Amino acid sequence: MKMFLDTANLDEIREGASWGLFDGVTTNPSLIAKEGRDFIATIHEIAELIDGPVSAETVATDAPTMIREGRLLAKVHRNVVVKVPLTIEGIKTCKALADDGIRVNVTLCFQPAQAIYAAKAGAAYISPFVGRLDDVSEDGIDLIAKIVQIYQNYPALETEVLSASIRHPMHVVQSALAGAHVCTAPLKVYKQLFSHPLTDKGNVAFLKDWETVPDRDIIGQVERWLAKRS
Ligand code: G3P
């Protein structure tokens, strides 16, 4: 499963990029608004930090203007993927942009039928919102599993299931189990994936025991050992 960062915060993206694990970034109008910076400059900077798809969302509500926005957004950086909402106008936009060869992420998907439309319109990604469905007592991961199954029934489809609105580590694990191609989450959630008390406890014990080893300088030991052999 590919992992995208769901944020427009450049510090978070820089920190995430240093891990070397992330394959792309998703933004939305709320995440952009939160940063209080220029939209296009932010998208360009993000695209320079992570060499992978960077979703930038259109905000018009009619297809002709959305298509114009999308075509222009796609010119900002080769990594830009144009994000459109799952409305009739959004689906028309998706089809037009996909026909132009522009990658589109169709967002705000809450039921499998919507995902069928996105695929038919040539979307590169469909973004079902897992956490927001859980928030209203529906099963977000079940939606991921259903869309994955539907797409698998039609192997010619190239649309990838991008599990979004990820709130905690189990959403990431369950998305992978359900066969999502991508999941997108804030850095905070990815940090939580590292955590296990037995990892911390085990590491403390290893380092404590290492203190009893007479020569603890691994680098020096290996360098001397290599020098002797050459
Ligand atoms: O990118 C959209 C999505 O991931 C939103 O997440 O937490 O606002 O539901 P959230």
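Only a predicted model underlies this, so the values are computations on that prediction, with no experimental measurement involved. Order of listing sets the numbers, starting from 1, for every ligand and every atom in it.
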Engineer: Output yes when the distance from some N or O of ligand 1 to some N or O of Thr26 is under 3.5 Å, and no in every other case.
Structural biologist: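 Min N/O separation from ligand 1 is not below 3.5 Å for Thr26.
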
Engineer: Which residue and non-hydrogen atom of the protein lie closest to atom 7 (O) of ligand 1, and at what distance in Å?
Structural biologist: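 Nearest protein contact, heavy atoms only, for atom 7 (O) of ligand 1 is Arg167 NE, 3.0 Å.
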
Engineer: Can you tell me which residue and heavy atom of the protein come closest to atom 5 (C) of ligand 1, and the distance to 0.1 Å?
Structural biologist: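 So the nearest neighbour among protein heavy atoms is Arg132 NH2, 3.6 Å.
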
Engineer: Tell me, do Pro186 and Thr7 make a side-chain contact under 4.5 Å, heavy atoms counted?
Structural biologist: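 No, their side chains stay 4.5 Å or more apart.
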
Engineer: So is Thr27 polar-close to ligand 1, meaning N/O to N/O under 3.5 Å?
Structural biologist: no

Engineer: Answer with yes or no whether Lys83 contacts ligand 1, where contact means a heavy atom under 4.0 Å from a ligand atom.
Structural biologist: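 It does; at least one heavy atom falls under 4.0 Å.
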
Engineer: According to the interplanar angle, ranging from 0 to 90°, do the rings of Phe22 and Trp19 count as parallel (below 30°), tilted (30 to 60°) or perpendicular (above 60°)?
Structural biologist: tilted

Engineer: Kindly confirm or rule out an N or O of Ser165 lying under 3.5 angstrom from an N or O of ligand 1.
Structural biologist: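 By distance alone, the answer is yes.
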
Engineer: Output the list of atoms in ligand 1 that are nearer than 4.0 Å to some heavy atom of Asn28, sorted by atom number.
Structural biologist: 1 (O), 2 (C)

Engineer: Only heavy atoms of Phe129, strictly under 4.0 Å: list the atoms of ligand 1 that pass.
Structural biologist: 2 (C), 3 (C), 5 (C)

Engineer: Of the protein's non-hydrogen atoms, which lies at the shortest distance from atom 4 (O) of ligand 1, and what is that distance?
Structural biologist: Asp6 OD2, 2.5 Å

Engineer: Of all heavy-atom pairs between Ala8 and Thr42, which one has the smallest distance, and what is that distance?
Structural biologist: O-CG2, 3.8 Å

Engineer: Within a distance under 4.0 Å of any heavy atom of Ala164, pick out the atoms of ligand 1 and give their elements.
Structural biologist: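 Heavy-atom distances to Ala164 below 4.0 Å select 4 (O).
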
Engineer: Examine the side chains of His168 and Gln192 and answer whether a donor and an acceptor come within less than 3.5 Å of each other.
Structural biologist: no

